[in-house]
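Data block below; observations after.
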There are 2 protein chains.
Amino acid sequence: MARTQGSHSAHTGPKVRTAAERLFARHGYAAVSMRQIAAEVGVQVGALYVYTPDKQSLLFEMMKSHLEGLIAALPQVSGEPLKRLEAFTRFHVRYHLDRPEPVFIAYMELRNLNAENFSVIEALRGKYEAFLETILRQGVEAGDMSVEDSKVATLAIIAMLTGITTWFRDDGRLTRAEVEEIYWDMVRRMVGA
Amino acid sequence: MARTQGSHSAHTGPKVRTAAERLFARHGYAAVSMRQIAAEVGVQVGALYVYTPDKQSLLFEMMKSHLEGLIAALPQVSGEPLKRLEAFTRFHVRYHLDRPEPVFIAYMELRNLNAENFSVIEALRGKYEAFLETILRQGVEAGDMSVEDSKVATLAIIAMLTGITTWFRDDGRLTRAEVEEIYWDMVRRMVGA
DNA sequence: GTCTATACGTGGATAGAC
DNA sequence: GTCTATCCACGTATAGAC
């Protein structure tokens with residue numbers, strides 16, 4: 001097939017996505033214009049609409065694929081609940097510290113999704129939370145953990161762990177490994193182990 | 001003094017503030033227009049500028065007064081660190097559950113502040129965090145608590161407690177008192193008491 | 001203090017040329 | 001696939017009448 005004049009599609013598609021991700025994370029979805037995204041990619045506005053039907057889809061797709069990737073990467077460790085809780089905790093910290101931009105967007109831009117897209121994202125989030133809640137329930141059943149309310153504990157642990165992304169800096173006082181250790185220690189205590 | 005034609009200033013001032021607060025909390029600062037705020041208040045756009053020089057000041061003032069109120073309300077309990085930690089925890093939960101809108105704004109809209117305003121807000125936030133960190137340090141010194149890193153533990157506790165506002169509903173499964181109890185229990189364990 | 005009218009920039013999105 | 005040009009709605013903010 002003859003090459004279309006000025007074609008760069010193989011590169012441009014992913015670039016649109018990453019440019020939007022960086023800009024949404026930094027300035028917020030509502031504050032970023034399609035023109036800014038185009039400038040970041042190095043094309044004119046019109047070209048963006050080859051890769052996305054509209055701005056809303058750009059946001060939805062990046063949140064959806066982030067959450068799907070997160071769920072797919074959940075550690076499928078077998079064994080005692082406490083071991084699985086440790087694996088989950090270390091996984092969550094690492095995965096989130098490695099992807100600050102989609103993480104930030106997934107937590108900040110929920111209200112900029114339309115109703116239909118919102119329910120899809122909420123379902124994915126619920127699936128992720130259910131994974132942790134199951135561990136906590138089984139830990140309590142097995143007598144390894146002491147948790148008053150497994151749903152609340154789930155949300156508390158996730159909020160605590162995700163909060164790391166708001167202050168952690170690679171050139172800061174603590175290494176990722178140290179942070180991971182400190183948080184695992186706090187989670188372990190929280191569940192009464 | 002003669003009454004100005006159509007004057008409603010005594011009511012309009014506060015209404016602008018609360019309307020902006022409600023709209024910013026629901027849709028985000030960048031997504032809300034001055035026209036929407038005016039409609040919510042029940043005036044025309046031009047009238048808003050009697051009460052604020054611009055949209056940015058509206059955001060800054062509401063964040064500033066929220067944080068100043070929060071700091072002023074901190075529980076000045078004397079006694080053992082553990083007692084003071086409990087007072088802080090219960091205070092934080094109650095104060096935040098009572099003011100979901102300014103709380104949400106103060107955590108979500110930091111990036112929409114200009115540089116100068118941002119540094120003012122960050123300083124206030126630091127002051128609030130320092131209050132908790134001092135309690136933890138003193139608890140460790142007194143041998144009542146076991147905390148690996150007081151700064152990290154401070155941020156973890158605040159993230160965990162503030163996260164409640166994202167899911168708590170008054171018509172939900174748990175009462176405020178129950179939530180307060182569950183979280184105090186988790187905090188207590190986290191600090192190794 | 002509030003209104004109407006308006007200036008002027010920028011927003012998302014599309015059409016048609018190359 | 002990309003560009004230029006354009007549509008038209010909506011954004012913040014101000015001026016001047018009442």
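Naming: A, B, ... by sequence-line order, numbering from 1 per chain.
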Whole-Å gap separating P (C:dG11) and CD (A:Gln56):
18 Å
Validation row, ring centre B:Phe88 to ring centre B:Tyr128 under 6.0 Å:
yes
Take atom CG of B:Asp54 and atom P of D:dA13, then tell me their distance rounded to the nearest Å.
5 Å
Residues that, via side-chain heavy atoms closer than 4.5 angstrom, fall in one hydrophobic cluster with B:Phe104
A:Phe104, A:Met108, B:Met108
It should be established whether B:Thr12 places a side-chain nitrogen or oxygen under 4.0 Å from OP1 or OP2 of nucleotide C:dG1.
no
Check whether any side-chain N or O of A:Thr134 sits under 3.5 Å from a backbone N or O of A:Ala130 as a donor-acceptor pair, and report yes or no.
yes
Angle class for the A:Phe24/A:Tyr29 ring planes (parallel below 30°, perpendicular above 60°, tilted otherwise)?
perpendicular
Show me, pair by pair, the donor-acceptor contacts under 3.5 angstrom made by side chains of residues 152-167 of chain B, not counting sequence neighbours?
from: B:Thr154; atom 1: OG1; to: B:Ser150; atom 2: O; distance (Å): 2.7
from: B:Thr162; atom 1: OG1; to: B:His92; atom 2: NE2; distance (Å): 2.9
from: B:Thr162; atom 1: OG1; to: B:Ile158; atom 2: O; distance (Å): 2.8
from: B:Thr165; atom 1: OG1; to: B:Thr162; atom 2: O; distance (Å): 2.7
from: B:Thr166; atom 1: OG1; to: B:Gly163; atom 2: O; distance (Å): 2.7

Residue list, side-chain contact (heavy atoms from CB on, under 4.5 Å) with B:Ala193, at least two apart or on another chain:
B:Leu82, B:Arg188, B:Val191
Partner residues of A:Glu40 under the side chain to side chain donor-acceptor pair (under 3.5 Å) criterion, sequence neighbours left out:
A:Arg22
Would you classify B:Val43 as touching base, sugar-phosphate or nothing, given that sugar-phosphate means primed atoms plus P, OP1 and OP2, and contacts are heavy atoms under 4.0 Å?
sugar-phosphate
Can you find a side chain N or O atom of B:Tyr51 that sits less than 4.0 Å from OP1 or OP2 on C:dG1?
no
In whole angstrom, what separates A:Lys55's NZ from D:dA9's C1'?
15 Å
Nucleotides 15-17 of chain D: which of its N/O atoms have a protein N/O under 3.5 Å away?
none

Can you list, in residue-number order, the parts of residues 28-38 of chain B that come under 4.0 Å of DNA chain D, counting heavy atoms only?
B:Val32, B:Ser33, B:Met34, B:Arg35
Could you grab the distance from atom CG of B:Leu110 to atom CE of B:Met63, nearest 0.5 Å is fine?
4.5 Å
Which value, rounded to the nearest 0.5 Å, describes the distance between A:Glu180 atom CD and A:Asp185 atom CG?
12.5 Å
When rounded to whole Å, the CD to C1' distance for the pair B:Gln44 and C:dT2 reads 9 Å
Rounded distance (Å) that lies between atom P of D:dT2 and atom CG of A:Leu48
10 Å
Can you tell me the distance, in whole Å, between the OH atom of A:Tyr49 and the P atom of C:dA15?
12 Å
Nearest-Å distance for atom pair NE2/C1', residues B:His27 and D:dG11
16 Å
